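Okay, so here's the structure we're looking at.
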Protein chains: 2
Amino acid sequence: MLNYIPNGSKSVPVNLELLTERLKVLAEPKRLLIFNLLMEGVQCNCELGDSLQMPPNLISHHLSKLRAVGLVDVERDAVDSRWVYYSVNRAALDELNAAFGAFFDPNRIQPRRPNCGPQSLICP
Amino acid sequence: MLNYIPNGSKSVPVNLELLTERLKVLAEPKRLLIFNLLMEGVQCNCELGDSLQMPPNLISHHLSKLRAVGLVDVERDAVDSRWVYYSVNRAALDELNAAFGAFFDPNRIQPRRPNCGPQSLICP
DNA sequence: AATATAGTTCAACATACGTTGAATTATATT
DNA sequence: AATATAATTCAACGTATGTTGAACTATATT
């Protein structure tokens, strides 16, 4: 019902859709650099643009993708609302680490159980 | 020399190029499903195609991308070399987990140190 | 020798996506 | 009121990439 993979889906330990979605957003060189700066606490658009030598509209674009998957939060400055501050969403980061760790856990690796090939008698 | 990011690069704890490269390969729904089956020990092309209901040439294509970044190994059957068996490269998986864990470590999150905005006196 | 099988490679297509420059919004300053 | 500033949105472009069907390679079987 969740998906129609005959064999594989039964033991998938995580929400694969969410994991793929977030990995896709992170798997981009400049976005990963932006995220890295956010991990260090740097936050406003202009700072990111200066540090990474990227135009502000590109920063905006990449940040909107990071926001779309919940990895980054936004807050406007209380004194001068022209400034917006970006930060890593801690809960999403924890979720990401948990999902990634569960999926890529080396202990999940199983030895080959041949259902096919000349050393098997099941498959044609 | 390594790269020309003025501020951000100094404390990046991992090889960002390799991490991005591998995440890019994994951040694709069907490839993640293939990799999931390989974690479970299923290995030959035909099995993957049957389980995921995908044509063998597509399986080949995705597996070649997983191989290209070292995450998957290939071995031909000793008895009948028409069959090829795919497996997760344990060393690469460990590397991936180490890099991911180091980069997305929640302890890396720092509070904002304003270099910009109205609450700062440095930046215009 | 001829046929079948497992898998790969190739060419072509459609779509997704990062990048760019200009226009736009919203707030603050003069 | 007019100008400046921080950021976003929009339209357009070029490239990258997943998908498909057919051709091809290599090995095994009859």
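In what follows, every chain begins at residue 1, and chains take the letters A, B, ... in the order their sequences are listed. None of these values were measured; they are calculated from a predicted model.
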Point to revise | Residues in ring-ring contact (aromatic ring centres under 6.0 Å, His included) contact with B:F100, at least two apart in sequence or another chain | key: A:F100, B:F104
Check your understanding: Is there a donor-acceptor pair closer than 3.5 Å between any side-chain N or O of B:E28 and the backbone N or O of B:V25?
Key -> no
Review point. Over how many whole Å does the gap from B:I59 atom CD1 to D:dG18 atom C1' extend?
Key: 13 Å
Would you list the atom pairs, donor with acceptor, under 3.5 Å between side chains in residues 61-68 of chain A and any protein atom, with sequence neighbours excluded?
unit_1, atom_1, unit_2, atom_2, d
A:H62, ND1, A:R31, NH1, 3.1
A:S64, OG, A:H61, O, 2.7

**Study point:** Base-contact (B) and sugar-phosphate-only (S) positions in nucleotides 17-30 of chain C, heavy-atom cut-off under 4.0 Å, - elsewhere
**Key:** SSBBBB----BS--
Review point. Which residues pass the ring-ring contact (aromatic ring centres under 6.0 Å, His included) test with A:Y85, sequence neighbours left out?
Key: none
Exercise for review: Look only at the side chain of A:E40 and the backbone of A:V42, and say whether a donor-acceptor pair between them is shorter than 3.5 Å.
Suggested key: no
Revision key, fill the gap. note: B:D77, atom CG; D:dA26, atom P; distance rounded to Å ~ 19 Å
Revision key, fill the gap. Here the salt bridge (Lys or Arg N to Asp or Glu O under 4.0 Å) pairs for residues 95-105 of chain B, sequence neighbours left out, are B:R22-B:E95
Dump the pairs, protein N or O against N or O of nucleotides 1-3 of chain C, anything under 3.5 Å, distances to one decimal.
none

Check your understanding: Between D:dA7 atom C1' and A:W83 atom CH2, what is the distance in whole Å?
Key -> 11 Å
**Study point:** Whole angstrom value for the distance that separates C1' of D:dA7 from CD of A:E47
**Key:** 14 Å
Check your understanding: Taking CG from B:D50 and C1' from C:dA6, how many angstroms apart are they, rounded to a whole number?
Key -> 12 Å
Check your understanding: How about B:L71 and B:N89: do any of their side-chain heavy atoms sit closer than 4.5 Å?
Key -> no
Review point. Is it true that a side-chain atom of A:N97 and a backbone atom of A:L93 form a donor plus acceptor pair closer than 3.5 Å?
Key: yes
